[in-house]
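Read through the structure below, which is laid out as structure tokens, and then see the notes.
Chain letters run A, B, ... following the sequence lines, proteins first, then strands; residues in each count from 1. Note that the coordinates shown come from a computational prediction; the quantities given were computed from them, not determined experimentally.
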There are 2 protein chains.
Amino acid sequence: MHNRPKNRKQQIIALGLDFLQTHGYENFSYQDISRELGITKASIHHHFPKKCDLGIALCEAIEEWHENQFRELRHNQTSALETLQTYMDQLATYVVGESRVCPLSSLQSDITLLPDAMYQAIKRLDQHEIDFIAEQLERGREAGELHFQGESENQALIVVLSCKGALQYARIHGDKVFSDTVKQLLSSMKQ
Amino acid sequence: MHNRPKNRKQQIIALGLDFLQTHGYENFSYQDISRELGITKASIHHHFPKKCDLGIALCEAIEEWHENQFRELRHNQTSALETLQTYMDQLATYVVGESRVCPLSSLQSDITLLPDAMYQAIKRLDQHEIDFIAEQLERGREAGELHFQGESENQALIVVLSCKGALQYARIHGDKVFSDTVKQLLSSMKQ
DNA sequence: GTCTATAAATGGATAGAC
DNA sequence: GTCTATCCATTTATAGAC
């Protein structure tokens with residue numbers, strides 16, 4: 001997902017994120033990870049005693065990734081439209097090669113089975129993302145660059161939900177669904 | 001999901017749909033169903049020898065539901081806008097009470113683990129739904145009632161993906177997410 | 001159609017040696 | 001940090017009696 005893993009713990013998290021995006025949280029096991037790393041299940045339990053410990057670590061990894069992404073996008077000082085375009089381009093990298101979805105979407109699918117600590121983390125991550133997109137939309141509207149009705153938070157819902165959903169659909173119907181969705185979203189706001 | 005179940009087989013399918021919407025396909029077991037019905041697992045296996053047999057039956061139930069819903073909506077002869085509103089109102093019934101999502105969304109989440117027969121069925125169901133919404137959007141645009149750019153198939157993606165995604169978010173962030181999404185979608189097309 | 005019984009595999013988890 | 005060994009519960013699935 002981002003950096004090269006150095007130690008075992010980071011390797012496990014990186015692999016966990018990959019399984020999360022391809023199979024889902026409840027559909028991967030310590031055995032899957034241990035097989036891939038060539039070590040035993042017990043070794044994984046040494047780093048993450050319970051699966052929910054790994055789950056929390058995955059949430060933290062996503063949070064770190066969000067923070068880096070959003071900080072960088074803000075620092076680039078590009079227009080709101082370009083910033084949104086880059087955000088979507090980065091989402092699109094999930095699709096290349098294997099069929100991956102957003103890790104946050106995957107966690108949402110299993111939400112009814114997750115412990116409260118994970119639930120709270122997911123809720124925060126969702127809000128963080130919506131807030132960032134709403135901020136960009138508002139900035140673009142004030143600059144006369146983007147056009148939409150109502151509150152930017154509600155338009156942010158349309159943008160984020162469509163993009164995340166398109167990643168899911170792309171696994172079944174092909175990558176074109178994602179690019180078509182992005183094109184439609186952006187063209188509708190350019191007026 | 002719709003009719004009152006008469007025989008065991010229909011009871012199992014009805015319960016299966018409920019578990020599909022609340023826990024996901026890979027996250028419910030024959031034990032869950034048998035406990036709920038007060039019979040043994042072996043009895044469930046009598047009706048559906050393998051879990052994928054039940055999975056196919058669930059897809060067929062969704063297909064039947066789609067067909068009834070779309071036929072009725074077309075038969076009502078209401079305006080495109082009213083038809084879309086009714087479609088979304090019916091999706092909203094998932095949200096009331098317990099936290100359910102669209103059964104098709106649930107199946108999509110587990111797509112990488114499903115047998116080919118289920119994969120093909122899901123693909124067809126998705127396409128059927130997008131086609132119906134695209135048809136309504138096109139009709140509304142021709143009547144001068146709805147306004148959007150580009151092809152109606154692409155706009156249908158925005159509508160369907162946003163609504164399905166909103167159901168997922170509503171489980172975490174509350175029902176308001178869904179009504180806000182619907183409001184934003186419709187107001188953006190009323191111009 | 002439903003039951004008991006059972007099989008074989010998998011999943012999460014722990015104890016203790018190296 | 002990693003291993004062997006083991007535990008217990010669950011899951012899918014089958015055989016055969018009632």
Side-chain angles (χ1 to χ4, degrees), chain A residues 4-59 106-107 109-119 121, chain B residues 4-59 106-107 109-119 121:
Chain A
R4 231 156 283 306
K6 288 153 72 179
N7 58 42
R8 264 283 120 96
K9 205 159 182 171
Q10 286 173 315
Q11 283 183 318
I12 294 168
I13 291 173
L15 251 177
L17 280 172
D18 194 58
F19 278 120
L20 178 62
Q21 293 182 254
T22 53
H23 294 76
Y25 181 76
E26 295 289 346
N27 292 330
F28 79 82
S29 66
Y30 274 30
Q31 202 171 23
D32 293 324
I33 294 180
S34 65
R35 184 172 35 229
E36 203 77 18
L37 288 179
I39 57 178
T40 62
K41 281 198 296 176
S43 296
I44 317 288
H45 278 287
H46 167 73
H47 296 284
F48 301 100
K50 317 231 164 179
K51 198 183 178 186
C52 102
D53 295 321
L54 174 56
I56 301 279
L58 294 178
C59 291
S106 256
L107 290 170
S109 300
D110 291 336
I111 198 74
T112 56
L113 301 145
L114 302 180
D116 189 62
M118 287 185 70
Y119 171 85
Chain B
R4 234 155 282 304
K6 289 154 70 177
N7 59 41
R8 265 284 120 97
K9 205 159 181 169
Q10 287 173 314
Q11 282 184 317
I12 294 166
I13 291 173
L15 250 177
L17 279 172
D18 194 58
F19 278 121
L20 179 62
Q21 293 180 253
T22 52
H23 294 77
Y25 180 76
E26 295 290 346
N27 292 330
F28 79 83
S29 67
Y30 274 29
Q31 201 172 25
D32 292 326
I33 294 180
S34 65
R35 185 174 30 228
E36 205 77 17
L37 287 179
I39 57 178
T40 61
K41 285 194 295 175
S43 297
I44 317 288
H45 278 285
H46 167 76
H47 296 282
F48 302 100
K50 316 227 165 183
K51 198 182 177 184
C52 101
D53 296 319
L54 175 55
I56 302 278
L58 294 178
C59 291
S106 256
L107 290 169
S109 300
D110 290 337
I111 198 73
T112 57
L113 300 144
L114 302 179
D116 189 62
M118 287 184 70
Y119 171 85

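Checked by distance alone, A:Lys50 brings no side-chain donor or acceptor within 3.5 Å of a matching partner on the base of C:dG12. In terms of polar N and O atoms assigned as donor or acceptor, the side chain of B:Lys51 never comes within less than 3.5 Å of the base of D:dT11 in a complementary pairing.
Among the atoms of the strands shown, none is found under 4.0 Å from any heavy atom of B:Phe48. Across all strands shown, A:Ser29 has heavy atoms under 4.0 Å from sugar-phosphate atoms exclusively, and none from any base.
A sub-4.0 Å separation between OP1 or OP2 of C:dC3 and a side-chain N or O of B:Thr40 is present. Dashed line: the shortest gap from a side-chain N or O of A:His47 to OP1 or OP2 of D:dT2 is under 4.0 Å. In this structure, B:Ser43 does not reach the C:dG1 phosphate: none of its side-chain N or O atoms is under 4.0 Å from OP1 or OP2. At the phosphate of C:dG11, OP1 or OP2 sits under 4.0 Å from a side-chain N or O atom of A:Gln31.
Residue-to-nucleotide proximity on DNA chain D shows that, of B:Tyr30 and A:Lys41, the 5′-proximal contact is made by A:Lys41.
Set against D:dA5, C:dG1, C:dG12, the side chain of B:His46 has C:dG1 as its closest nucleotide.
For the pair B:Lys51 (side chain) and B:Tyr25 (backbone), a donor-acceptor distance under 3.5 Å is present.
Distance NE2 (A:His23) to C1' (C:dG11): 15 Å, rounded to an integer number of Å.
Between A:Phe19 and A:Phe28, the ring planes lie parallel to each other; the angle is under 30°, not in the 30° to 60° tilted range.
There is a side-chain donor-acceptor pair under 3.5 Å between A:Ser43 and A:Thr40.
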